Amino acid sequence: MPNFDAIIIGAGQSGPALARRLVAAGRKVAIIERKLFGGTCVNTGCTPTKTLIASAYAVHVARRAADYGIRIEGSINLDMKAVKTRKDAVVAVFRNGVEHSLKTLQGCRVYQGHGHFIAEKRLAVNGSELAADQIFINVGARAAIPPIPGLDQVPYLTNSSMMDVDFLPSHLVILGGSYIGLEFAQAYRRFGSEVTVIEIGPRLISREDHDVSQAIAGFLKEEGIDVRVDSKIIGVEKLGNTIAVNIESTGGISQIAGTHMLVATGRRPNTDDLGLDRAGIATDRRGYIQVDDQLRTNISGIWAMGDCNGRGAFTHTSWNDFEIVAGNLLDNDQRRVSDRITAYALYTDPPLGRAGMTEAEVRKTGKPALISTMAMKDVMRAYEKGETKGFMKVLVDRDSKQILGASFLGLEGDEVIHCVLDIMYAKAPYTVIQRAMHIHPTVSEFIPTMMDKLKPLQ
Ligand SMILES: Cc1cc2nc3c(=O)[nH]c(=O)nc-3n(C[C@H](O)[C@H](O)[C@H](O)COP(=O)(O)OP(=O)(O)OC[C@H]3O[C@@H](n4cnc5c(N)ncnc54)[C@H](O)[C@@H]3O)c2cc1C
């Protein structure tokens with residue numbers, strides 16, 4: 001049985017980086033990947049969706065060309081095969097990069113197959129048994145399929161199978177009005193599909209503040225997306241060439257029939273076929289591996305990183321998990337999960353950049369706070385670019401003057417949010433950014449102005 005110093009299961013966002021660090025520290029490492037190198041982010045998540053969204057943005061701007069004084073002679077046609085080819089090419093660069101770097105890494109042996117525990121520090125893959133004193137689990141998550149009556153009888157798409165779509169669905173019905181569903185919704189609407197989003201909750205992306213989710217629903221509807229909230233799906237069925245979704249809402253029972261259906265109702269960890277019980281590794285009731293603040297599982301010498309530990313659901317949280325584990329193990333740097341500040345983006349157009357607490361969360365703390373908002377139509381750069389949808393909102397602790405959170409929904413919101421995020425990490429008062437001289441004309445130049453306009457949160 002080959003013995004290693006460390007075995008990593010899964011070549012997602014944290015596994016490959018940790019393999020490189022461990023090898024550099026002189027450890028003998030094995031990494032097991034059962035499918036595609038780079039995992040969800042590279043193959044079926046961030047990279048392909050943002051590449052598709054770039055195509056959707058291009059066609060959207062082309063259609064708005066006249067707004068900018070440009071006349072396009074003839075019609076604007078979309079070639080979905082070419083859109084997919086472009087997406088595949090971008091993905092291939094990243095995936096091949098990860099695969100090549102691991103396969104050429106001296107001191108690291110790559111196993112391609114499904115890895116699972118057969119005992120505490122022993123794994124099986126492709127009939128071979130491997131052992132190591134240290135094991136790192138980076139197995140990620142996949143689309144959760146809800147128990148909707150009839151769902152198993154109809155063809156449906158997930159974020160993974162959407163990646164093979166090289167045609168334009170005539171009517172895409174999306175189950176789930178949260179981050180993943182909304183990015184696909186806008187992209188496919190811009191490609192030319194009729195799109196319906198069905199959300200069980202009273203509003204889209206309900207984790208965000210009311211004003212944020214309302215503004216997003218507003219611009220999606222303006223683009224012609226049929227948004228159905230407060231809508232419980234009670235069943236799906238095949239109806240001729242369509243898939244019919246039966247919905248119960250306050251108005252009674254209704255039916256929406258689409259040509260294609262995307263299920264985007266959440267994620268579940270890839271831990272059900274990992275043999276965790278053979279190693280005695282504890283999970284919560286949803287299957288997420290339980291870890292402490294340094295990502296150690298209940299079994300000494302076994303760590304869990306990335307989406308499978310339930311401590312984050314983003315590429316940057318998985319990467320940060322790698323940094324925490326490497327810091328603690330190799331650098332005598334006691335980094336912790338609790339050091340990090342919530343931060344993420346939604347890549348609709350305009351995007352939403354988020355840092356720290358929402359306004360609702362700040363209110364719940366009951367602490368005296370200050371708030372400032374600014375409409376994107378008052379931001380000169382947005383005006384100049386003809387992209388004035390959305391608004392920016394920042395919340396500050398009245399006493400400590402530290403920034404508690406921000407939601408930037410608007411042009412470059414995903415980038416501008418970092419102005420605030422880094423001040424939060426520095427634990428500096430908002431007055432630092434208030435006094436900073438920012439560059440004109442940018443969206444960021446209005447962050448100091450927003451700080452000038454802070455007023456008590458009523
Ligand atoms: C549509 C979509 C869009 C997204 N967009 C963004 C975004 O814009 N920004 C962002 O930050 N996040 C985004 N995410 C989330 C992001 O993709 C994930 O949070 C991130 O990829 C998690 O990385 P990970 O390291 O936990 O695991 P993953 O990247 O999922 O990798 C896990 C790997 O483990 C392998 N594996 C699983 N089980 C086994 C086993 N038993 N044996 C061997 N190998 C195994 C898998 O094949 C996979 O390659 C998006 C997700 C989706 C679905």
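As the structure lists them, so they are numbered: ligands from 1, and atoms in each ligand from 1. The structure presented is a predicted model; accordingly, all values stated were derived computationally and were not measured.
- For ligand 1, the polar-atom distance check against D307 finds a nitrogen or oxygen pair separated by under 3.5 Å.
- The protein non-hydrogen atom at the shortest distance from atom 21 (O) of ligand 1 is C41 N, 3.1 Å.
- Atoms of ligand 1 lying under 4.0 Å from any heavy atom of T49, numbered from 1 in the order shown and given with element: 1 (C), 3 (C).
- Listed by number with element, the atoms of ligand 1 under 4.0 Å from a non-hydrogen atom of G39 are 29 (O), 31 (O), 48 (C), 49 (O).
- The nearest heavy-atom contact from the protein to atom 20 (C) of ligand 1 is T315 OG1, 3.6 Å.
- Against a heavy-atom cut-off of under 4.0 Å, I32 is close to the following atoms of ligand 1: 43 (C), 44 (N).
- Distances from atom 15 (C) of ligand 1 to the heavy atoms of A313, A264, G45 put A313 nearest.
- Among M305, Q13, K50, the residue whose heavy atom lies nearest to atom 8 (O) of ligand 1 is K50.
- Side-chain contact of S14 with S318: a donor-acceptor pair under 3.5 Å is present, judged by distance alone.
- Distances below 4.0 Å separate heavy atoms of N159 from the following atoms of ligand 1: 1 (C), 53 (C).
- In C46, the parts holding a heavy atom less than 4.0 Å from any atom of ligand 1 are both the side chain and the backbone.
- On a distance-only criterion, E183 and ligand 1 share no N/O pair closer than 3.5 Å.
- Not close to ligand 1: G312, with no non-hydrogen atom less than 4.0 angstrom away.
- Looking at atom 31 (O) of ligand 1, its nearest protein heavy atom turns out to be G12 CA, 3.2 Å.
- The closest heavy-atom contact to atom 46 (C) of ligand 1, among the options K35, R142, E33, M162, comes from E33.
- If you check the side chains of Q186 and D349, you find no donor sitting under 3.5 Å from an acceptor.
- By the 4.0 Å heavy-atom criterion, V125 is excluded from the residues contacting ligand 1.
- Side chain of S193 to main chain of P169: a donor-acceptor pair is present (N/O by atom type, distance under 3.5 Å, no hydrogens or angles).
- Considering only non-hydrogen protein atoms, atom 30 (O) of ligand 1 sits nearest to T40 OG1, 2.5 Å.
- Ligand-side atoms of ligand 1 in range of H114: 40 (C), 41 (N), 42 (N), range being under 4.0 angstrom from any heavy atom.
- Side-chain atoms of N320 and E323 form a donor-acceptor pair, as typed in the model, at a separation below 3.5 Å.
- Residue contacts with ligand 1, taken as heavy atom pairs separated by less than 4.0 Å, do not involve V42 at all.
- The pair K121-D133 fails the salt-bridge criterion, with no side-chain N (NZ, NE, NH1 or NH2) lying under 4.0 Å from an Asp/Glu carboxylate O.
- For atom 42 (N) of ligand 1, the closest non-hydrogen atom on the protein side is G115 N, 2.9 Å.
- Ligand 1 places these atoms under 4.0 Å from at least one heavy atom of I9: 40 (C), 42 (N), 43 (C).
- With 3.5 Å as the limit, one finds a donor-acceptor pair spanning the side chains of R20 and S101.
- For the 3.5 Å distance criterion, the side chains of R190 and Y188 fail to qualify, holding no donor opposite an acceptor.
- Nearest non-hydrogen protein atom to atom 45 (C) of ligand 1 is R34 CG, 3.6 Å.
- Considering backbone and side-chain N/O of I180, none are found under 3.5 Å from N/O of ligand 1.
- With a heavy-atom cut-off of 4.0 Å, Y347 touches ligand 1 through its side chain alone.
- With no hydrogens or angles considered, a side-chain donor-acceptor pair links R203 and S213 at under 3.5 Å.
- Side-chain N/O atoms of D230 and S249 include no donor and acceptor closer than 3.5 Å.
- Ion pairing of D166 with K81 is present here, as a side-chain N (NZ or NE/NH1/NH2) and a carboxylate O approach within less than 4.0 Å.
- Aromatic ring pairs are classed by plane angle as parallel below 30°, tilted from 30° to 60° and perpendicular above 60°; the pair F314 and Y344 is parallel.
- No N or O atom of D273 sits closer than 3.5 Å to an N or O atom of ligand 1.
- No close placement of the F94 and F37 rings is indicated, their centers lying 6.0 Å or farther apart.
- Side chain of R354 to backbone of S407: no donor-acceptor contact under 3.5 angstrom is found.
- The protein atom (non-hydrogen) at minimum distance from atom 27 (O) of ligand 1 is G140 CA, 3.4 Å.
- N309 and D321 are linked by a side-chain donor-acceptor pair at a separation below 3.5 angstrom, with hydrogens and angles left out of the test.
- Heavy atoms of T44 found under 4.0 angstrom from ligand 1 belong exclusively to the backbone.
- V139 O, 3.2 Å is the protein heavy atom nearest to atom 37 (C) of ligand 1.
- Ionic pairing of R189 and D226 is not present here: no N-O contact between side-chain nitrogen and carboxylate oxygen is shorter than 4.0 angstrom.
- Annotation for ligand 1: atoms under 4.0 Å from non-hydrogen atoms of L274 are 41 (N).
- Donor-acceptor pairing under 3.5 Å is lacking for the side chains of R336 and N328.
- Taking a cut-off of under 4.0 Å to the non-hydrogen atoms of L36, the atoms of ligand 1 that pass are 49 (O).
- Between the side chains of T196 and H171, a donor-acceptor pair is found at a separation under 3.5 Å.
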